[in-house]
Amino acid sequence: MTNALLEVEDLKVHFPVRKGLFQRAQTFVYAVDGVSFQLNKGETLGVVGESGCGKTTTGLAILNLVRATSGKIRFKGNDISEIAGLPVPDQMRIRKELQIIFQDPYSSLNPRMTLNKILHDPMKIHGLYPGSERQDRIEFILKKVGLTPEQGKKYPHEFSGGQRQRIGIARALSLDPQIIIGDEPVSALDVSIQAQIINLMVDLQEEFNLSYIIIAHDLAVVEHISNRIAVMYLGKIIETAPVAQIYHRPQHPYTRALLSAVPIADPRAGRHPIILKGDVPSPRHPPTGCGFHPRCPECSIDCDIKPPELRSLGKEHYVACHYA
Amino acid sequence: MTELSNRTKRPLLEVDHLHTSFHTFDGVVKAVNDVSFAMNTRETLGIVGESGSGKSVTALSIMRLLKSPPARIEKGRILFDSIDLLEISMSRMRDIRGNRISMIFQEPMTSLNPLFSVGNQMSEMFVRHQGLTRREAWNRSVEMLEKVQIPSPGKRAREFPHHMSGGMRQRVMIAMALACDPEILIADEPTTALDVTIQAQVVDLMMKLRKDYGAAILMITHDLGVIAEIARRVIVMYAGQVVEEADVISIFEEPRHPYTRSLLKSIPKLGDASTHGRKRLQEIKGIVPSLADLPAGCHFYPRCPHADPICRQGEIALEEPAVGHRVRCIRHAGL
Amino acid sequence: MSFSWKNIKRRTNLLIGSALVMFVAGMAVFAPLLAPYHPTEDANILYSEEPPCEQFWFGTDIQGRDILSRVIYGSRISLSVGLFTQFMNSVIGIFMGLMAGYFGKWIDDLIMSITNILLSIPTLVFALAVMALMGPGLINVFIALGVTNWSYTCRLTRSQVLSAKRLNYVMAARALGYGKFRIMFNQILPNIMGPILVISTLGVAGAILLEAALSFLGLGVQPPTPSWGGMLAGAREKLFTAPWISIYPGMAIFLTVLGLNLFGDGLRDLLDPHITQQK
Amino acid sequence: MFAFIIRRILQFIPTVIGISFIMFVLLNVLPGSAALMTGGKEILSPEIVKKLEKKWGLDKPFHVRYLNYMVGLAKGDLGTSFIRGDKVRDIIGNRLWPTLKLAVAALAIACFIGIPLGFYSAVKQGTWVDTVTMVGAVSGVSMPQFWSALLLMYLFSVVLRWLPTFGYGNGDLKNLILPAVTLGIGYMALLARTTRAAVVEVLSQDYIRTAHAKGLSVLFINGKHVFRNTMVLILTTIGMQFGSLMGETVVVETVFSWPGIGSLMVDSIFLRDTPVTQGCIMLIIFVFMSVNLSVDILYSVVDPRIRYD
Amino acid sequence: MKRMGLGLVVLALVLGFYSADALAVRNGGTFQWIAPYGISIDTLDPAATSDDKNILVILNIHRGLFGWDAKNSTYKLDLAESMTADDDGLTYVIKLKDAKFHNGRTITADDVIYSYNRLADPKKSFASSHLLVEIDGAQAYLDGKADHISGLEKIDDKTVRIKFRNPVDPGFQLWRYGTAIVPKEAAENEDFGSNPIGCGPFKLQKWTKGVEIVLVKNPEFYEPRKPYLDKLIYKIMADAAARDMAFQAGELDANLLYAAQYEKFKNDPKLSKHMMEVPEMFTRAVRFNPNFTLADGRKPFSDKRVRQAVNYAINRELIVEKYAKGKAYPARGFLAPTTPGFDPDCMSYEYNPEKAKQLMKEAGYAKGFDLTVIAGTSTAYGAGVVEAATPFLKEIGIKVTIDKMENAVLYQKYSDGEFDAAIASHSSGPDPISIMYRFHSNSPRFKQRGETSQKIDSFEQIIDLAAATRDPAMRLELVKIANDILTEEAVLWFYNYNKAVIAYQPWVHDMEPVGVEMMYQHMDNVWVDETSPRANQK
């Protein structure tokens, strides 16, 4: 679908590891190793995977906070994979459209800035809502995220974890972007607070027609909030499909193992999880062929030779496994 | 003394009206107030609660690992095999720690000393508690590593912690804790820092070891899923108090305390959204109360959907409406 | 780390430190009122090397000048040297540290090699050579100490910037379209001022000791300007016949530097979240 | 590891060249000429001054002199002293041993008193021992060396007559005590503070809590776990101290007439005896660099996490 | 002009010294002596240095034809047995005593000729080479125009003839220890400076650089029965405070006192009995630059009255008493009291501020002017003295700013004439004529400093006449007149003569007050009695 809001094509991010006498980059960490997906208007794409699978790096690469080694990122058709080279006004226009929310509420806000200033600065930089209009806009946003204008003068250390996450969302909304990337937005919160933030994000999406890319390792939360899911392993997407198909008819052995490993909050569930052997291999020297083959219970002949391509199984269900 | 249910012999561990608080410069933080529970041999008791609920402080109070200037155990008794752990001397306490009661922690990355090999830190246990020579201790350590399913334990024992992954290190911690065949193993959020598949491996290992070693496990976590899987009896803590205690089935199926009920409703269950469509999660309004100035009466009053002014009069006692099912709420009957 | 009075009260070394520093600063500011005599004009050779008596509380030096007045006026020289040179060191150090930390690559390597060179030459010797080039004088002392000693601040700033760069609010700022310099100067710098302030306070103390050493070796300020180091140098031979000449200026240096060090330590404890929890 | 050492040594060279150039420029631009200083109280006539300057090659243009010096340096020849006429290598040679003795003694005092003090006051945090040690440490750091030197000398040499007064004597221990103590006080104080901070940090680490949870005795935990980790943290400070110690002894050497490198360097600056000053600087930088390199190598030995490839 | 009987003081002092020592001389013992001028001895090669810090050790290892006689404060024959002048007054025939070098070889005329040629060798450009310029042909050899000094001629093994280019007194030319006689076989090798062979009373035993120099007795010294001491140790100690404590602790046999210690010793009944003082031949003074021009173009120092006003305005007696702690003699004129030809009753300026103001008004400087004085780091003749004089000059309107600098820079500026006024120590002896010649317009020093010296015709005529006369008594008379002219013209602000003071332990005997430089102690005369802790130490 060419009219997709955001297209990512074969994105690669390799970090050089400098070694030897003259610090030449002999080996690389293959953090993101050929990731492609699309995001449509108003849609939420959930990206799940264990630590070290490259999901956060993918998010940061899209926002140009990390330099992509190769691959194309297109927003509404125009290329934003390397905005540093563009003239400043163009950079600003692109920056306005894509925003980010972070996991750790305590390090995501500048401790020296009041709430008002945190929201005021971005608008000033981009020259939005000049003059008195700006204060109204700030109060509007604060109300939307469940905070009161009086709290505007407070500093971040005077808020609880949940409230800080609301400020992070308000800051993201201040430039009324079209895409918000949430990097583990609720993982650091207590369960009771988590529900508040999830509901808030869903409401905001409907009201402002936002598109989300939610990165998380908690599969239940991702399932609740996303329309489509992408499962990542060792820098690659190994399966992507609408949420119902992923959760009820997982095709890739890793997805199946992943879903089976999630503990169910029902003592009678009596499930017996698929226990994978060994640990996640290090992205510094990934295994040959399919990255999952050393741990795959259904590993067979050429899994360790030919890396499987992402192929379609129909109804927008793609999987990267020879035997799915 | 709590009124005991019809247990025949004395419980292995009895925590009786434990009060622990931190005297910081911003005031006295009552982390644990009036916590009582009992634990029998070979039983797995789960303690669940959000951050700041006092679950970890309770565990650390049992082990007397809290640094005394800020922290202080105000009153209460901890009876272990008819010894009051709060009264005995530190040297006797050290004989018990690691030998009869041992503990594993949340952060595997920092719980092992980076400068010493895994085997070295393991054999310390055997030398200290069983008086083995260094050679014998090293061999026993390698055996323990094998028991926790660590491949080629002989080579691994000589390696340093930073050579191992998070999951591997947590297994080493478990091996270290079970080295001297303790009667009680306290696990303070052992799986929180791990990925889902590794978490599954560790939980599976713990359940397997529980049979071989017969240690009673005190499982502390905020993850209701892990509790459902591993615990037989569950205690729910909120703002430093035990608000509900029951066997694992009753807790999940007939929760009586409003906090437990709304907690269970607020977590997204795997498979729900994609089957019945996305409906709003049931929130618990407000924020976790600050332990420095707790509201009078029921601490859950500000966030409780069934709050009523009478909840604020005086202390709320722990009642036992059904056998083995205790709840700290005066209006629980009518819900 | 709330700044409540209770919080400050228990910081004994912060209190003693600031008291001492205030005392010396007061002495410097109100010197004309406090000093019974003029430090250079009232020089009567008849009263050369009088022991401390009713007329001269700290006794007189060889030129017959009242040592109490010279110690009081000397605080101006020492404090101005300390504050000004450390100000220059901090400004250069912070700027270089920001550049090295934020931009990295070749800028970082270049600045680091410069600091390597500066750190390996002993500060006193380098300052001596610079003073020998320009000759004694207060402005020359400022330059000699102000330009040679910024490596420590630069290294500290660089390490703070490297860790701050990875914090989420800095990444968020980049996502919001903040420019490089705006990020450096109003996002990162305000949050790393704490440790820099601490090392600068200790730097002032270091600068005062250095100036005293320079004067002791004969290359400090021009006579007859009163400088504690200078007074000490002259009194070295007289330690046995007129010890009061060297005891009081030495005491003055010691108390000022002690005050600054205590103040610096107290500041560090106040700002270091780790310490506050435990006390 | 080997590649790392080679790389560090290669980095050594530009730094040494950089420093020697800066100092060469600085020292040769100083007003006043060494020739004038050979006359003692007598101010020499201009002909003699010109003859001496020609003999020392000071009349050649600047860059020629610098090149000659660097070529000499490469061959290990530091040139001859203008004032003393001897080879710079010999002058520095017989002054090296007194300075090393003084530096090692001062560092020994710093390590064997400073570290235990810091360790003890950190373990006994908040007690009177902690406060007393830390106030003592702060005072030690704040004490101007020449003032403390004179006070010590006055107390021990004249009033108590325990220790000899003047400098080197025939090199026996008695003469070393006072200068080493004066120099050592500052470094002992610094080390005590650094050690205390390091121990406080280590005590707050998770693996120490694990050790307690394993039931190990406090003595064992402090002796093994806390001590080893603290040593790693303070290794840099000790290295830095010894590295810079060579250059910091100027004041103490002057007051105690101690024939060391520090006072030699300052005297040569005053006498405009450039080759000697330059030689001292090269020595100090060489010591500084090699100490830093050995500290880094020691690091990888002590801390397995650090791998140089 | 006050006729203060300074001369009486000198006489009394010298007499007082002799009466105390009726005891019998004793052999043996070790003498702990000091090398106080700097943190190290550079070389023991007499030719290679002109710095006193080395010479005070060298003079006990090497000796020359002439030496310095401290008692009569003039030169004396040393290795020279006798000296007879030829009729032209330029050539002298000198007979040698029979003396041996430390390596046992007897000294011959060839050694004298070799030593002088080595000293003046153009290739080596030794620091003391300027001492031989008066010998005929020496300057040519120095400039490389000749291959040896023509004025030296060997008559036989024990006699040598020296021809001078001007009628000078050979004693004054050749007494300095730079002209010591050294053996060719030792002087040739590279490290002669580090292990010297001479003919002096002591031989080098051990030299720990920067620490101490140990000398032992030369048994075949040409002076019978001397030296009395077995061992002489020079402790290298630059710091006066450390030295003073060592002396009080009894670890030093004698010590050169600084101003601070002098006062304590003087007032101490016990210590003051064992002290000897002498006016050294160094006159400390401020030099005026006649070309110093004010903003309005006037040149104050070209006017004699202003220079005299400065001399009247400053109370030098009070400064000497209070600042220098009495460790100096207020100056009467340029020549030092111990320099031959000094007239104790010569003209001098007493403290008379009224006259000074009056002279300033006469010269047209009633309101005074601003003056910058450059000064070095020395306590005795540096910035401290100018600070002490500042209040007095303020009285007559001269507002002084002090520009203190390192000695290296001071000497540079001083010899380039870049100053308005400068304070320094001028050597004012032992040969009065050659020392005063610096004020003569055609002396190299005069031209060297550009026009920073004042040309005085009357003075120049007298000096030329004195140089020409050969009758010693007449020369001294002319010297006195020349000195008075300089004083009257107030070419300098005469501050003081250095009072050198040595304190010695009670068991030390026969040390002499040496006017030319107090530390030029001939240790072969000195002996220690049994009460010395080192009386029998070998």
Asker: Atom NZ of residue position E:K394 - does it have more than 12 heavy atoms of other residues, nucleotides or ligands inside 6.0 Å?
Answerer: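 No, because the 6.0 Å sphere around NZ of E:K394 holds 12 heavy atoms or fewer from other groups.
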Asker: Taking C:G218, C:G137, C:P223 one by one, which has the highest count of heavy-atom pairs under 4.5 Å against chain E?
Answerer: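 Heavy-atom pair counts peak at C:P223.
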Asker: Only pairs of heavy atoms separated by less than 4.5 Å count here; which of E:T390, E:T377, E:D403, E:V386 has the most with chain C?
Answerer: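 Of E:T390, E:T377, E:D403, E:V386, E:D403 has the most heavy-atom pairs under 4.5 Å with chain C.
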Asker: Would you check if the side chain of E:D253 reaches a backbone N or O of E:Q32 as a donor-acceptor pair within less than 3.5 Å?
Answerer: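 Checking the backbone N and O of E:Q32 against the side chain of E:D253, a donor-acceptor pair under 3.5 Å is found.
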Asker: Evaluate E:R284 against E:N498 for side-chain hydrogen bond (donor to acceptor under 3.5 Å, both in side chains), listing each step before the verdict.
Answerer: CA-CA 7 Å; E:R284 279 70 165 279; E:N498 177 31; 3.1 Å; yes
Asker: Count the heavy atoms belonging to other residues, nucleotides or ligands that lie under 6.0 Å from CZ of E:F369, then report whether that count exceeds 12.
Answerer: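 Count over threshold, so yes.
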Asker: Could you tell me which portion of E:A383 (side chain, backbone, both or neither) has an atom closer than 4.5 angstrom to a non-hydrogen atom of chain C?
Answerer: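 Just the side chain, heavy atoms under 4.5 Å.
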Asker: Can you tell which part of C:L219 gets under 4.5 Å to a heavy atom of chain E, answering side chain, backbone, both or neither?
Answerer: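 C:L219 touches chain E through side-chain heavy atoms alone.
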Asker: Walk me through whether E:E387 and C:R65 qualify under salt bridge (Lys or Arg N to Asp or Glu O under 4.0 Å).
Answerer: CA-CA 11 Å; E:E387 276 184 81; C:R65 293 173 297 214; 2.6 Å; yes
Asker: With a 4.5 angstrom heavy-atom cut-off, could you sort out which part of E:N315 is near chain C: side chain, backbone, both or neither?
Answerer: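 It is neither, since no heavy atom gets under 4.5 Å.
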